[in-house]
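Scroll down for the structure; my scribbles are underneath it.
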Amino acid sequence: MTKRKIGYLVLACAFILVIAGIFYFNNHGAPAVSAADYQQDSSQLEAGGELAALPDSTPGVPGMNLIAEDGSLGLYFHPETTEVAVRDKKTGQIWYSNPADRDGDAIASAFEKEMLASQLSVSFRDTTGALDSYGNFTQSISKKQFKVEGIKNGVRITYTLGDMSLGIDALPKYIDKARLKEKVLSKLDASLAKYVSARYYPSESDPNVLERLDEQIKKQLVLDKMLGAFTKAGYSEADLAEDNAAHGAGGKAGADKPKFVIPLEYRLDGGSLTATIPMGHVEETASYRIRSIDLLPYFGAAGVKGDGYMFVPDGTGSLINLNNGKIKEEQYVQRVYGDDPNDNSRNRGQVIQSARMPVFGLKNGPAAWFAVIEKGDGLASIAADVSGKQNSFNHAYSTYAVRGEDELELYTGATIQQIDLLADKLFKGDITVRYSFLQGEDASYSGMARLYQNKLVTDQKLKPLQAQNGLPFYLDILGTIDKRTSFLGVPYHTIESMTTFDQAGEIADRLKQDGVSDLQMRYLGWFNKGVQHKTPTGVKVDGDNGGKKDLLRLAEKLEAMGGKLYPDVAFQQVFHDDGGFAPSSDAARFVTRDVAKLSPYDRAMNRMDDYYGSYYLLSPAKLPSFVEDFTKSYGRLKLDGLSLRDLGSTLIADYRNSRLIFRETAKNIVNDELGKLQKSYPNLLVSGANSYAWGYSQNLTDVPTSTSAFNLADEEVPFYQMVIHGFAAYSGQAMNLADEQDLNQELLHAIELGTAPHFLWSYEDSSELKSTHYNDAFSSKYENWYDQALGLYKKADQVLGKLQQSKMIEHTRLQDGVVEVKYDNGTSIFVNYTDAPVTANGVQVNAHDYAVGGDSK
């Protein structure tokens with residue numbers, strides 16, 4: 001072989017190796033963590049024993065036995081209906097798992113009364129995607145298909161839901177001709193024997209072995225007669241087993257019918273009741289897959305004479321008045337921590353706010369109960385409905401999507417067939433809800449907030465806020481953006497700066513001069529080509545804003561002022577398919593197995609619009625690798641502040657076959673990464689924080705300041721703020737981008753909610769954003785807002801600045817449009833949204849104004 005040929009061969013091999021290397025790199029992606037390391041699968045069940053009734057020194061609960069008690073509560077159990085009840089020893093208040101007077105419900109149908117008697121309901125699909133549901137009363141309790149065991153401080157009931165009868169499988173599939181005659185035909189009269197023998201036919205392999213004619217026998221009338229004949233002949237289960245074994249038939253009888261085994265445990269624990277479904281011990285028929293489980297849908301339900309409300313965690317928090325008469329409105333249902341963006345539908349429902357807390361409750365007269373989902377919250381939705389629809393009871397409960405679900409479209413010519421598709425694997429962790437009970441003054445949404453806050457403090461998920469320099473001023477700076485333009489008709493993308501680092505410093509200097517000492521600045525668009533930056537595996541400061549030295553000088557300036565700089569990063573949304581990101585490996589997958597690629601939503605059309613670009617969802621399994629790479633690179637800047645755009649507000653599942661990650665597992669991964677980031681950067685700013693992210697930052701922005709205004713709801717309350725005030729400084733949406741453009745109205749709302757002012761500004765005119773991805777920043781030029789923002793801040797600081805470390809202990813609506821907010825230092829704030837002056841608890845409050853009263857005034 002000549003040297004030239006050898007050279008060509010070497011070049012060809014090198015070329016092939018380069019191509020293979022590029023292919024490998026683009027498809028192999030970042031290292032993935034093992035989902036098993038973050039899953040909290042159900043452990044082995046506690047050994048159960050015989051359930052024994054305890055002696056009861058109280059009046060007890062009629063028809064039930066006391067089975068557990070602690071200092072304040074007694075747990076009662078009905079052995080036939082499996083209902084439980086909790087009795088408050090001090091007040092005698094009883095809360096039932098099912099309405100005690102349900103049999104007298106004049107509205108409920110027979111089916112609805114069976115649902116009122118159920119402690120759980122299972123929704124499932126068959127192999128064709130058809131949806132069905134079982135309540136455990138009809139499918140288990142009424143059939144006595146349950147097992148009761150005593151456990152420490154409680155009881156475990158294992159329900160078997162479904163038809164447990166063998167049906168056609170109670171007849172042998174194959175049987176010897178002589179044995180059929182001996183065991184059955186010889187013991188029947190001639191007519192019935194002839195009927196039976198006609199339903200068995202010699203098999204093709206052996207004429208002495210008879211095969212069951214299923215097509216005839218599966219007809220119910222024929223089956224009933226055949227079963228009766230075999231029973232009359234004395235054909236036993238042992239005979240059936242022997243015949244099945246002799247011919248290798250039988251297998252799992254009833255496998256073609258839906259059947260589910262679900263354990264449910266109740267325990268008294270620290271003055272509360274916990275209800276747990278250990279999903280790792282749930283069984284299901286192979287051809288019927290569980291989609292979701294409703295847990296205790298009628299616990300503590302209130303009847304038509306109930307007086308109070310249900311609390312649900314929509315946005316800031318929302319109340320649904322008992323018996324509000326809204327029987328034509330849809331049931332309230334909202335997913336905890338927001339919808340999973342890992343959904344291939346290009347449309348979304350009209351829900352403005354997310355449910356950022358895994359809590360709900362109900363107040364009825366002088367008593368209330370409050371529930372916290374302690375395990376399985378990443379899978380949970382909260383539901384609530386009022387009386388007068390299917391039954392006479394107001395009820396709130398939690399439901400759990402224990403499998404991923406998505407829509408698959410099949411095209412046959414011009415016809416589109418939509419199939420609802422379930423993921424293969426079932427969630428195997430625990431689902432646990434803790435019910436706590438309140439009385440008197442504590443039986444209110446304010447009391448529920450205090451209880452939840454105390455729980456989070458005890459669990460060290462909330463820590464008292466450090467001393468502040470007055471009220472923070474939260475300012476988002478819009479830096480570099482990507483923009484489409486063209487040259488000689490050829491379109492291309494360019495990067496432009498809306499605010500350089502020096503210009504941001506100029507704005508900061510002006511605010512400092514005008515009395516703003518605590519400026520918390522989040523910088524959007526500072527590295528890796530703008531707001532929609534490249535993969536954050538490395539950090540390169542955008543030169544259009546200045547440079548690294550200018551960025552550090554800005555950080556030092558803010559620090560000297562008493563403020564802080566928070567460069568912003570998005571981890572879970574990946575905007576570019578570049579060398580640091582391999583979509584086939586690094587992106588999450590839909591249930592349909594497609595790569596999870598989405599586009600922003602057009603609010604006018606309520607659907608995704610590719611015009612605004614697209615982005616991938618990062619698989620939670622790859623998140624630790626991306627965070628580690630970013631931290632190594634970002635650490636070289638020696639900055640201790642960081643803004644997390646999406647890590648505290650979004651949970652993403654990954655339905656890839658090889659590494660299925662449920663949202664509950666994703667939550668555990670996110671928590672782990674939040675902890676690592678907090679350790680590296682003590683000053684984190686978290687946007688839109690879900691409750692699991694509260695413990696990692698004392699600066700929260702874009703927190704909910706309103707609700708989605710569901711038609712069923714009656715009142716908006718600041719539950720979110722009541723829990724975190726005194727433990728974090730926080731702001732809502734940027735006021736200059738809000739739907740409400742009346743800044744006085746925004747000021748009143750901020751004072752009611754204890755919310756710091758928040759604006760998004762750019763140095764350049766916002767007209768530069770026209771026809772870009774950033775149309776929503778329609779009013780960003782800072783000079784247009786500066787004077788109004790400064791005036792609003794000074795008024796808010798005068799009222800709220802000295803309350804930053806105080807707890808918001810009570811919120812009361814004194815009348816329509818007039819509220820009072822009490823703090824633990826004795827301060828009361830009155831806000832009047834009406835057109836007329838009012839006197840509230842002796843304090844005069846002008847129209848569209850506020851006033852401060854209380855002991856510390």
Side-chain angles (χ1 to χ4, degrees), residues 53-78 81-105 116-117 119 153-155 266-275 295-312 319-323 359-372 384 386-387 391-398 433-455 719 810:
L54 302 178
D56 194 355
S57 59
T58 72
V61 178
M64 294 191 180
N65 299 323
L66 178 67
I67 59 168
E69 59 182 339
D70 61 13
S72 59
L73 301 176
L75 177 61
Y76 293 79
F77 180 71
H78 195 300
T81 65
T82 73
E83 295 169 78
V84 297
V86 178
R87 189 178 194 278
D88 189 316
K89 293 181 180 180
K90 184 177 180 180
T91 65
Q93 175 72 42
I94 301 173
W95 298 102
Y96 293 89
S97 62
N98 305 84
D101 54 347
R102 59 184 178 273
D103 290 337
D105 190 339
L116 289 169
Q119 291 81 41
N153 297 327
V155 62
Y266 300 99
R267 286 183 174 88
L268 292 183
D269 179 47
S272 302
L273 171 71
T274 64
L295 177 59
L296 294 177
Y298 289 96
F299 181 90
V304 293
K305 295 182 180 179
D307 179 24
Y309 49 75
M310 293 173 283
F311 162 73
V312 293
L319 304 182
I320 302 171
N321 292 333
L322 304 182
N323 308 305
V359 297
F360 56 102
L362 184 148
K363 171 182 169 59
N364 188 3
W369 58 263
F370 177 68
V372 179
V386 297
S387 65
N391 56 62
S392 300
F393 296 95
N394 308 269
H395 60 121
Y397 62 98
S398 55
V433 182
R434 179 179 296 273
Y435 296 86
S436 300
F437 309 96
L438 307 99
Q439 295 289 333
E441 293 182 357
D442 290 329
S444 65
Y445 61 87
S446 297
M448 295 177 189
R450 293 193 296 271
L451 189 154
Y452 187 39
Q453 183 186 80
N454 290 336
K455 172 178 169 55
F719 188 95
E810 188 173 3

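For Phe393 and Tyr298, the ring centers sit 6.0 Å or farther from each other. Aromatic ring centres of Trp95 and Tyr435: separated by at least 6.0 Å.
Closest non-hydrogen pair, Gly303 versus Asn323, comes out as O-ND2, 3.2 Å. The two residues Leu73 and Lys89 make their nearest non-hydrogen contact at O-CE, 3.5 Å. Between Ala117 and Arg102 the shortest heavy-atom distance is CB-NE, 3.5 Å. For the residue pair Ser436 and Leu451, the shortest heavy atom distance occurs at CB-CD1, 3.8 Å. Between Gly154 and Ala68, the shortest heavy-atom distance links the atoms N-CB, 4.0 Å. Of all heavy-atom pairs spanning Met448 and Leu438, the tightest one is N-CD2, 4.1 Å.
Here Gln439 contributes atom CD and Ser72 contributes atom OG; the two are 10.5 Å apart, rounded to the nearest 0.5 Å. The distance from the NE2 atom of His78 to the CG atom of Asn98 is 11.0 Å, given to the nearest 0.5 Å. Going from atom CD1 of Ile67 over to atom CZ of Phe77 covers 6.5 Å, rounded to the nearest 0.5 Å. Expressed to the nearest 0.5 Å, how far CG of Asn65 lies from CG of Leu75 amounts to 11.0 Å. Note: Ser272 OG to Phe437 CZ = 7.0 Å, rounded to the nearest 0.5 Å.
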Tell me, with the steps shown, if Met310 and Leu319 meet side chain to side chain contact (heavy atoms under 4.5 Å, CB included). CA-CA 6 Å; Met310 293 173 283; Leu319 304 182; over 6 Å; no
Evaluate side chain to side chain donor-acceptor pair (under 3.5 Å) for Asn153 paired with Tyr266, printing each intermediate quantity in order. CA-CA 8 Å; Asn153 297 327; Tyr266 300 99; over 6 Å; no
Could you go through the side chain to side chain contact (heavy atoms under 4.5 Å, CB included) check for Ile94 and Val86 one step at a time? CA-CA 6 Å; Ile94 301 173; Val86 178; over 6 Å; no
Would you sort out whether Gln93 and Thr91 count as a side chain to side chain donor-acceptor pair (under 3.5 Å), showing the intermediate values? CA-CA 5 Å; Gln93 175 72 42; Thr91 65; 5.6 Å; no
Tell me, with the steps shown, if Val312 and Ile320 meet side chain to side chain contact (heavy atoms under 4.5 Å, CB included). CA-CA 8 Å; Val312 293; Ile320 302 171; 4.3 Å; yes
Pair Tyr309-Asn394, side chain to side chain donor-acceptor pair (under 3.5 Å): steps then yes or no: CA-CA 9 Å; Tyr309 49 75; Asn394 308 269; over 6 Å; no
Apply side chain to side chain contact (heavy atoms under 4.5 Å, CB included) to the pair Tyr397 and His395, showing each step before the final yes or no. CA-CA 7 Å; Tyr397 62 98; His395 60 121; 3.7 Å; yes
With side chain to side chain donor-acceptor pair (under 3.5 Å) as the test, would you mind laying out the steps for Ser392 and Ser387 before giving the verdict? CA-CA 4 Å; Ser392 300; Ser387 65; over 6 Å; no
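No donor-acceptor pair under 3.5 Å is formed between the side chain of Arg434 and the backbone N or O of Phe370. In this structure a side-chain-to-backbone donor-acceptor pair under 3.5 Å is missing from Asn364 to Ala302. With hydrogens and angles ignored, the 3.5 Å screen pairs a side-chain donor or acceptor of Lys363 with a backbone N or O of Gly365. Formation of a donor-acceptor pair under 3.5 Å by the Asp56 side chain with backbone atoms of Thr58 is found in this model. Ser97 places a side-chain N or O within 3.5 Å of a backbone atom of Val84 that can act as its donor or acceptor partner.
The number of heavy atoms from other shown groups lying within 6.0 Å of CG (Asp101) is above 12.
Contact annotation: the side chain of Tyr96 never approaches that of Phe299 to less than 4.5 Å [non-hydrogen atoms, C-beta and beyond]. Between Asp269 and Asp70, every side-chain heavy-atom pair lies at or beyond the 4.5 Å cut-off.
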